Amino acid sequence: RCADVTGVQTCALPIYWNNISTDGWGVRIVDLSSTAPITDEICATIDGKPIVSTSHMFTNSKATSIDVSSLNSSNVVNMGSMFDGAVATTINGLNKLDTRNVTSMYLTFFNTKVSTLDLSSFDTSKVTNMNNMFSGTSATIGYARNSAEANKFNALSTSQIGRAHV
């Protein structure tokens, strides 16, 4: 469990809390060298303020797998570079992420090693920046929530992903 203490965490997972604004917190992992799967529960608030950014949360993580199913992302607006360069071959819990308020997904899966990305639960209706969202990813199969979002994903000219399907 995590404690709501300004700038200090008591989670088993070494996580760095960053107060990015008066509206909320950003959170990212600190121990990038560990290859242990990331499965720890992630706090939804710190000092009563919600997590509003997961930008760079797992950037360059060496973990073999990542589980985000416990992350309360209902207040997150920035998921830019969230998994950028992560070597995990599986990311569990993507279907649990609440993306309805996200406006930025630039580089979210940039250079990731996952082979399949099921984003069929992602609501990208408010996203205004998807630049290079899939650039360099190992994913060759992708799934989208509906045809409009599949078209958005497929329109990313720098995408390495195969065609996204509904």
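The basis for the numbers below is simple: all heavy atoms, side chains too, and nothing from hydrogens, waters or symmetry mates. Note that the numbering runs from 1 along the sequence shown for the chain. Keep in mind that this is a model prediction, so the values were computed, not measured.
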Would you say [X] and [Y] are hydrophobically clustered, going by side-chain heavy atoms of ILVMFWY under 4.5 Å?
| X | Y | result |
| --- | --- | --- |
| Leu107 | Val102 | no |
| Ile91 | Phe110 | no |
| Met133 | Phe58 | yes |

Could you grab the distance from atom [atom1] of [X] to atom [atom2] of [Y], nearest 0.5 Å is fine?
| X | Y | atom1 | atom2 | value |
| --- | --- | --- | --- | --- |
| Thr59 | Asp84 | OG1 | CG | 4.5 Å |
| Met82 | His56 | CE | NE2 | 12.0 Å |
| Ser53 | Asn75 | OG | CG | 12.0 Å |
| Met57 | Ser81 | CE | OG | 13.5 Å |
| Lys62 | Asn60 | NZ | CG | 5.5 Å |

Quiz item: Does the pair Asn132 and Phe109 meet the rule for a side-chain contact (heavy atoms from CB on, under 4.5 Å), with working shown?
Solution: CA-CA 8 Å; Asn132 298 304; Phe109 299 102; over 6 Å; no
In the structure I gave you, are the side-chain heavy atoms of [X] and [Y] within less than 4.5 Å of one another anywhere?
| X | Y | value |
| --- | --- | --- |
| Tyr106 | Thr128 | no |
| Ser73 | Met79 | yes |
| Met105 | Thr99 | yes |
| Val76 | Val52 | no |
| Thr90 | Val114 | no |
| Thr64 | Val87 | no |
| Arg145 | Phe122 | no |

Practice problem: In sequence, state the C-alpha distance, the side-chain angles, and the governing distance for Val127 and Thr103, and then conclude on side-chain contact (heavy atoms from CB on, under 4.5 Å). | Solution: CA-CA 4 Å; Val127 177; Thr103 58; 6.0 Å; no
Quiz item: Could you walk me through whether Phe83 and Ser61 pass the side-chain contact (heavy atoms from CB on, under 4.5 Å) check?
Solution: CA-CA 8 Å; Phe83 301 102; Ser61 169; over 6 Å; no
Over all heavy atoms of both residues, which pair between [X] and [Y] is shortest? Give the atoms and the distance, please.
| X | Y | answer |
| --- | --- | --- |
| Ala86 | Ile66 | CB-CD1, 4.2 Å |
| Ala88 | Ser65 | CB-CA, 3.7 Å |
| Ser74 | Asp98 | CB-OD2, 3.4 Å |
| Asn131 | Asn129 | N-OD1, 3.0 Å |

Self-check item: Derivation of the side-chain contact (heavy atoms from CB on, under 4.5 Å) call for Leu97 and Leu71
Solution: CA-CA 7 Å; Leu97 292 179; Leu71 175 62; 3.9 Å; yes
Practice problem: Determine which pairs satisfy side chain to side chain donor-acceptor pair (under 3.5 Å) with at least one residue from residues 108-120, sequence neighbours left out, and list them in order. | Solution: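 Those involving residues 108-120 are Thr112-Thr137, Asp118-Ser120.
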